[in-house]
Amino acid sequence: RKEVEQDPGPFNVPEGATVAFNCTYSNSASQSFFWYRQDCRKEPKLLMSVYSSGNEDGRFTAQLNRASQYISLLIRDSKLSDSATYLCVVLMDSSYKLIFGSGTRLLVRP
Amino acid sequence: SQTIHQWPATLVQPVGSPLSLECTVEGTSNPNLYWYRQAAGRGLQLLFYSVGIGQISSEVPQNLSASRPQDRQFILSSKKLLLSDSGFYLCAWSDQGNTEAFFGQGTRLTVV
């Protein structure tokens, strides 16, 4: 089983749609969680950290469920510029090992 | 502010040739450092990470090696490249603690 698993996508949605991505992790001792965005042929960039209480940044909402070892990202009112690959990232226990999921590709169409 | 430098941006190397990719971080001390590889259309594979000078953890057995000769310098090397070593190599750093990582712009390596 992979340490971090994501919906493979691609998700093809119209502008204005709401879309949700899921991610599961296998190590219950994982300490920190993040969502990154990667544009084609570019380096990944931090989108947001994921906190136990859930957190929101504009149109983006991240949720963490430690009991189910599950992380989600919700994007509301999708924009064309949201088209990218979204990577779920888990920091493993105290080793500082940072593991990326394989990513979910989002295509927002006009 | 902190910055990360990774070079070169692109590289074409023949099979069997050596490789050295360098990554340096400025504006912080004792960072965690990471090397990842991304094959075309695939996710990021963790190759090596380091929590301090001379401390290297290897994730995937292969013909690559990493070194950290200075606090903010991380080097990825190979003595003899294989075709399968082609990919997008990314260096990243994070502060000690449970913090996010920041990436260099990557090196696109093509082994021919």
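Convention: sequence-line order gives letters A, B, ...; per-chain numbering from 1.
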Under 4.5 Å from any heavy atom of chain A - which part of [X]:
{"X": "Gln38(B)", "answer": "side chain"}
{"X": "Leu44(B)", "answer": "both"}
{"X": "Phe103(B)", "answer": "both"}

Exercise. So which of Ala101(B), Gly106(B), Ser94(B) has the biggest tally of heavy-atom pairs under 4.5 Å with chain A?
Worked result: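 That would be Ala101(B).
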
For this session: May I ask you to decide if the ring planes of Phe11(A) and Phe21(A) are parallel, tilted or perpendicular, using 30° and 60° as cut-offs?
Result: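 If you compare the ring of Phe11(A) with that of Phe21(A), the planes turn out perpendicular.
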
Exercise. Around Tyr51(A), counting heavy atoms of other residues, nucleotides and ligands shown, do more than 12 lie under 6.0 Å from its OH?
Worked result: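 At most 12 heavy atoms, drawn from other residues, nucleotides or ligands, come within 6.0 Å of this atom.
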
Using atom types as modelled and distance alone, determine if a side-chain donor or acceptor of [X] lies under 3.5 Å from a backbone N or O of [Y].
{"X": "Ser86(B)", "Y": "Val111(B)", "result": "yes"}
{"X": "Arg59(A)", "Y": "Asp77(A)", "result": "yes"}
{"X": "Thr110(B)", "Y": "Val12(B)", "result": "no"}
{"X": "Trp35(A)", "Y": "Ser72(A)", "result": "yes"}

Using a 4.5 angstrom heavy-atom cutoff, name the option from [options] with the most pairs to chain B.
{"options": "Gln38(A), Arg41(A), Lys42(A)", "value": "Arg41(A)"}
{"options": "Leu46(A), Leu87(A), Ile99(A)", "value": "Leu46(A)"}
{"options": "Lys45(A), Arg105(A), Gln6(A), Glu43(A)", "value": "Glu43(A)"}

Exercise. What part of Tyr36(A) gets closer than 4.5 Å to chain B, counting heavy atoms only: side chain, backbone, both or neither?
Worked result: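 Tyr36(A) touches chain B through side-chain heavy atoms alone.
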
Exercise. In terms of heavy-atom proximity below 4.5 Å to chain B, should Leu98(A) be classed as side chain, backbone, both, or neither?
Worked result: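 The answer is both parts of Leu98(A).
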
For this session: Using a strict 4.0 Å threshold on nitrogen-to-oxygen distance, state whether Arg37(B) and Asp85(B) make a salt bridge.
Result: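 Yes.
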
